[in-house]
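Before any comments, here is the structure.
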Amino acid sequence: MRVLGIETSCDETGVALYDSAQGLLGHTLYSQVKLHAEYGGVVPELASRDHVRKLLPLIREVLSQSNTAPADIDGVAYTAGPGLIGALMVGACAGRAMAYAWGVPAIGVHHMEGHLLAPMLEENPPEFPFVALLVSGGHTQLVDVRGLGQYQLLGESLDDAAGEAFDKAAKMLDLDYPGGPRLAALAERGDPLRFTFPRPMTDRPGLDFSFSGLKTFTLTTVQKHALDDGLPDEQTCADIAAAFQEAVVDTLVIKCRRALKQARRKTLVIAGGVSANKLLRQRLEARLAEDGCSVYYPRQEFCTDNGAMIAYAGCLRLQAGQRSDLAIDVRPRWPLTELTGALGAGQGD
């Protein structure tokens, strides 16, 4: 089965073509980072308009690079949620219209299921069951994954997601948007031992996260060492960045080890934008090896939002006999644990 995947949940327009027999045939991605940089964050209306401008040219590009004609496509998958409603509508309307015109089925894909399955696109994919850490700007979740659509939420952030905390800490240090990767780069020049930041909610049982207190601690540290211009000196900023990153990474690693033990799993999958963080990958590999466990993650280009993960997840759903009906149904809020029921009730299980 050959499936066209469309991702437009936020500020990146992703298109890919996946073949169940041949694998990923082509993919392309357009990032709106420059568009939103001057505002310090994503402007939903601008994001939607840019998806409208870029989506069809990107689809043509993927079909061209994969030498594929519309008649060769067996299905269309698009992100149906969660995400920005206007952005979701662009991809859903385009995907559903093309599927109708081509006479093939369409399927609305859960954005986080796409991230969860992204490591399956690699040469050495993980096998079910496993524990997944979904960590991005909008989500921090630990999920026990028994199979496709068989998800049990083990823990999640009670306030800011880890990626959101990175971005907010970056703003405190006056780093440009997107802040998370810039803070990680600054941290490489810092001394992580100069400051001791808290590891929130690791001193109590459970698998939930909270990063709001860490964010406040970061702000207090910045203000305490600020000079006349309102910021600490360059080295102190790097040291704060390093201490902040250490605190987030340690917290995530502690919770992942705890989740694997609780679920009695030996495999961890990490996906989402923050999964690209070098220190997080290094620390997880080292700590899980001590426990006799393994960790899998997607390649760097598939850590952030992309069409390949949507094409792959959509292909699995279509092969399982699921279809979306003609109504355009997107869900800005869509808990992962509701996915199976939602597909069965409203999307033609």
Side-chain angles (χ1 to χ4, degrees), residues 1-37 42 44-80 83-84 86-109 111 114-115 117-123 178 181 271 273 276 298-318 324 328 330:
M1 173 173 275
R2 187 167 293 190
V3 178
L4 179 71
I6 298 171
E7 157 60 26
T8 62
S9 65
C10 191
D11 62 339
E12 286 164 316
T13 314
V15 179
L17 194 64
Y18 179 82
D19 188 287
S20 57
Q22 302 177 55
L24 190 63
L25 301 181
H27 67 95
T28 187
L29 182 73
Y30 175 79
S31 174
Q32 300 177 2
V33 166
K34 291 182 179 179
L35 175 66
H36 301 288
V42 177
E45 178 64 20
L46 295 181
S48 302
R49 291 173 182 235
D50 215 38
H51 286 310
V52 171
R53 285 191 289 265
K54 298 298 191 301
L55 183 55
L56 290 181
L58 290 178
I59 291 173
R60 295 189 190 100
E61 180 182 336
V62 166
L63 294 180
S64 175
Q65 70 180 228
S66 60
N67 226 0
T68 299
D72 301 323
I73 294 175
D74 302 306
V76 179
Y78 56 86
T79 303
L84 302 175
L88 291 169
M89 286 296 293
V90 174
C93 289
R96 196 64 200 81
M98 285 186 293
Y100 183 78
W102 296 339
V104 298
I107 185 73
V109 172
H111 179 75
H115 276 303
L117 297 173
M120 301 289 192
L121 291 164
E122 303 306 318
E123 290 185 5
R299 70 195 78 167
Q300 290 281 335
E301 62 187 320
F302 292 160
C303 288
T304 55
D305 297 348
N306 63 87
M309 66 183 193
I310 302 303
Y312 178 75
C315 184
L316 294 185
R317 291 279 175 180
L318 288 169
S324 294
I328 304 297
V330 297

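These numbers come from the heavy atoms of this one structure, side chains and all, not from hydrogens, waters or symmetry mates. In this chain, numbering begins with 1 at the start of the sequence shown.
How far CG of N67 is from CD of Q65: 10.5 Å, rounded to the nearest 0.5 Å. In this structure, the separation between CG on D305 and NE2 on H111 is 3.5 Å, given to the nearest 0.5 Å. Expressed to the nearest 0.5 Å, how far CG of L4 lies from CG of D74 amounts to 11.5 Å.
Shown here are the side chain to side chain contact (heavy atoms under 4.5 Å, CB included) partners of A77, two or more places apart in sequence or in another chain: V3, I107, V109, I310. P181 is linked by a side chain to side chain contact (heavy atoms under 4.5 Å, CB included) to P178, counting only residues two or more places apart in sequence or in another chain. Under the side chain to side chain donor-acceptor pair (under 3.5 Å) criterion, E122 pairs with R299, not counting sequence neighbours. Residues meeting the side chain to side chain contact (heavy atoms under 4.5 Å, CB included) test with E123, sequence neighbours left out: none. Residues meeting the side chain to side chain contact (heavy atoms under 4.5 Å, CB included) test with A99, sequence neighbours left out: V76, R96, V104, A106. Not counting sequence neighbours, H51 has no partner by the ring-ring contact (aromatic ring centres under 6.0 Å, His included) test. Remark: D50 engages R53, K54 in a salt bridge (charged side-chain N to carboxylate O under 4.0 Å, His left out) (not counting sequence neighbours). Residues satisfying the salt bridge (charged side-chain N to carboxylate O under 4.0 Å, His left out) criterion with R60, sequence neighbours excluded, are absent altogether. E45 is linked by a side chain to side chain donor-acceptor pair (under 3.5 Å) to R49, counting only residues two or more places apart in sequence or in another chain.
Residues C303 and P298 approach most closely at SG-O, 3.8 Å, considering heavy atoms. Across every non-hydrogen atom of A80 and G108, the tightest pair is CB-CA, 3.8 Å. Heavy-atom minimum distance, C10 versus V42: SG-CG2, 4.1 Å. The two residues V330 and A92 have their closest heavy-atom pair at CG1-CB, 3.6 Å. V62 and V15 make their closest contact through CG2-O, 3.5 Å (heavy atoms, listed as atom of the first residue, atom of the second, distance). Taking every heavy atom of both residues into account, M309 and A118 meet most closely at CB-CB, 4.1 Å.
Residue pairs meeting the salt bridge (charged side-chain N to carboxylate O under 4.0 Å, His left out) criterion with at least one partner in residues 5-30, sequence neighbours excluded, are R2-D19.
Two residues are said to be in side-chain contact when any heavy atoms from C-beta on lie closer than 4.5 Å; T79 and L88 meet this criterion. At least one side-chain heavy atom of L17 sits under 4.5 Å from a side-chain heavy atom of I73. Residues I6 and I59 have side chains in contact (heavy-atom distance under 4.5 Å, counting atoms from C-beta outward).
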If you look only at distance, which donor and acceptor atoms sit under 3.5 Å apart when one is on a side chain in residues 20-30 and the other is two or more places apart or in another chain?
unit_1 : atom_1 : unit_2 : atom_2 : d
S20    : OG     : M1     : N      : 2.5
S20    : OG     : M1     : O      : 3.4
T28    : OG1    : E61    : OE2    : 3.2

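Using a distance-only test at 3.5 Å, with no hydrogens or angles considered, a donor-acceptor pair links the side chain of N306 to the main chain of F302. Not a single donor-acceptor pair under 3.5 Å links the side chain of T13 to the backbone N or O of T8.
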For this session: Just do the side-chain contact (heavy atoms from CB on, under 4.5 Å) check on M89 and I328 with the steps written out, would you?
Result: CA-CA 8 Å; M89 286 296 293; I328 304 297; 4.0 Å; yes
